[in-house]
Amino acid sequence: MNNEDLLRRSLASVWHPCTQMKSHETLPLVPIARGEGAWLIDFEGNRYLDAVSSWWVNLFGHGNPRINAALKAQLDTLEHVILAGFTHQPVVELSERLAALTGLGHAFYGSDGASATEIALKMSFHYWRNTGRPEKTRFISLQNSYHGETLGALSVTDVALFKDTYAPLLQQSTQVPSPDWRLAEPGETPETYARRCAAALEYWLQEHHAETAAFIVEPMVQAAAGMGMYHAIYLTLARELCDRYQIHLIADEIAVGFGRTGTLFACEQAGIKPDFICLSKGITGGYLPLSAVLTTNEVYAAFYDDSVARGFLHSHSYTGNALACRAALATLDIFADDDVINANRQRAAQFNALFTPLQQHPAVRNFRHLGMIWAFEVASDDPHFARSFYLSALKRSLLLRPISTTVYFMPPYVLTPQEMQQLAHGVIDILNESVTI
Ligand SMILES: Cc1ncc(COP(=O)(O)O)c(C=O)c1O
């Protein structure tokens, strides 16, 4: 196998995600033969630093020896078994550990993030139906939110490019103002702005709470909106409002869970417990597709009945896959054994110091950081900024995928200061070369 051969065959047979395939007439597809730590390597030995953790999933590097070993052992025991009517050790252990970590005692499994969103929305709606409130059918989400691409998830997503084409197929949902501090008025602090957005949420709930089932929110960071960060007070106030108006709060921690924002779960920063938490991406350390929705005893009890129809009859064939659960357990072991949350705090402080020259670059706007996420906007009038930047980064052995003019780093937690230095220097070079201010 060589690069050229794989590219030709891929373009002939694979329909790549989130891609206008014609763009590959001029945009090279990147063949990857293997992964090693933070690096992706092609058949000719070219290396790319995976500064986006392969779509925000990888936590402890590619080919991590500890996750590999856990998976190899699991392979020799049980690869998969139907989870309806049957159970197995990895899924039980994982559910117990996630319950202890989230305070939500019942775990329902899906495969990708979008399937977790679907599960949470359906469960919330069904809960209200089972408890005599069938009129509660509406969902609200934040402006510029992203919750996945399946029809239910897309209904609560607010990204026009992904959503508008499918509008006739989608459920109505309402978007309330986003507390993303980039949207604040000049002179307004992130906290004041977050409080103003919470007031807007309350205004909406006063009128519509009776027909609203749930508010779904990406806690602390709206990742697909270009790493829009916001003040934790918004979540604290949203929790209070959801309690007061009897609305479920669904925390979509698919992108931000598992240490990304500096705490194991982002909700911890606001001291709140959601009614549902959606987890995926980093849950398996970036190894295998797995998602989980955890919820309260109260929600669980509303489905527990002699009537089959009052149960949650949702299913996916690979629900609770044993290999994926084992990868998730190995990932949780690494968090515990290596005290990853504290280690990341030190790592991030070191990286922040390395990023000072970048932060001070004249083309850089809104430089921001939370946990293991860094982002900034670039003052550029290039309509193809994201594509040009991506290509320039590849030439410097960096995998970076700007969102519009937002450049962000979401690296695996194993990145060394040298690698981070290489990233910072590479990005400054690109800015110096391509951006005229
Ligand atoms: C916050 C959030 N929710 C849901 C999803 C959808 O996850 P998946 O792509 O695994 O379906 C994503 C993916 O980026 C996400 O960032």
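What you see below is based on every heavy atom in this structure, not just the backbone, and it leaves out hydrogens, waters and symmetry mates. As the structure lists them, so they are numbered: ligands from 1, and atoms in each ligand from 1.
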Open item on the list: I'd like to check the side-chain hydrogen bond (donor to acceptor under 3.5 Å, both in side chains) partners of Arg9; sequence neighbours left out, ordered by chain and number.
Closed with: none
How does [X] reach ligand 1, if at all, at less than 4.0 Å between non-hydrogen atoms: by side chain, backbone, both, or neither?
X: Glu149; result: neither
X: Glu218; result: side chain
X: Trp56; result: side chain
X: Ala114; result: both

Task: Contact (N/O only, under 3.5 Å) between Ser280 and ligand 1 - done: no
Task: N or O pair under 3.5 Å between Gly113 and ligand 1 - done: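 Indeed, backbone or side chain, Gly113 has an N or O that close.
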Open item on the list: Could you check whether atom CD of Glu211 has more than 12 heavy atoms from other residues, nucleotides or ligands sitting under 6.0 Å from it?
Closed with: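 Buried by this count: over 12 neighbours within 6.0 Å.
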Open item on the list: A side-chain contact here means heavy atoms from C-beta on lying under 4.5 Å apart; do Ser53 and Phe409 qualify?
Closed with: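 Heavy-atom side-chain distance check fails, nothing below 4.5 Å.
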- [ ] With the side chain counted from C-beta on, respond yes when Ile216 and His147 share a heavy-atom pair under 4.5 Å apart, and no when they do not.
- [x] yes
- [ ] Inspect the contact between Arg345 and Asp339 and indicate whether a charged nitrogen and a carboxylate oxygen are less than 4.0 angstrom apart.
- [x] no
Open item on the list: Going by a strict under-4.0 Å cutoff (protein heavy atoms only), does atom 10 (O) of ligand 1 have a neighbour on the protein?
Closed with: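 True for atom 10 (O) of ligand 1.
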- [ ] Give a yes-or-no answer on whether the side chains of Asp382 and Ser388 include a donor-acceptor pair shorter than 3.5 Å.
- [x] yes
TODO: State if Glu253 counts as touching ligand 1 under the rule of any non-hydrogen atom under 4.0 Å.
DONE: no
Task: Numbered atoms and elements of ligand 1 in range of Ala255, under 4.0 angstrom, heavy atoms - done: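 Close to Ala255: 16 (O).
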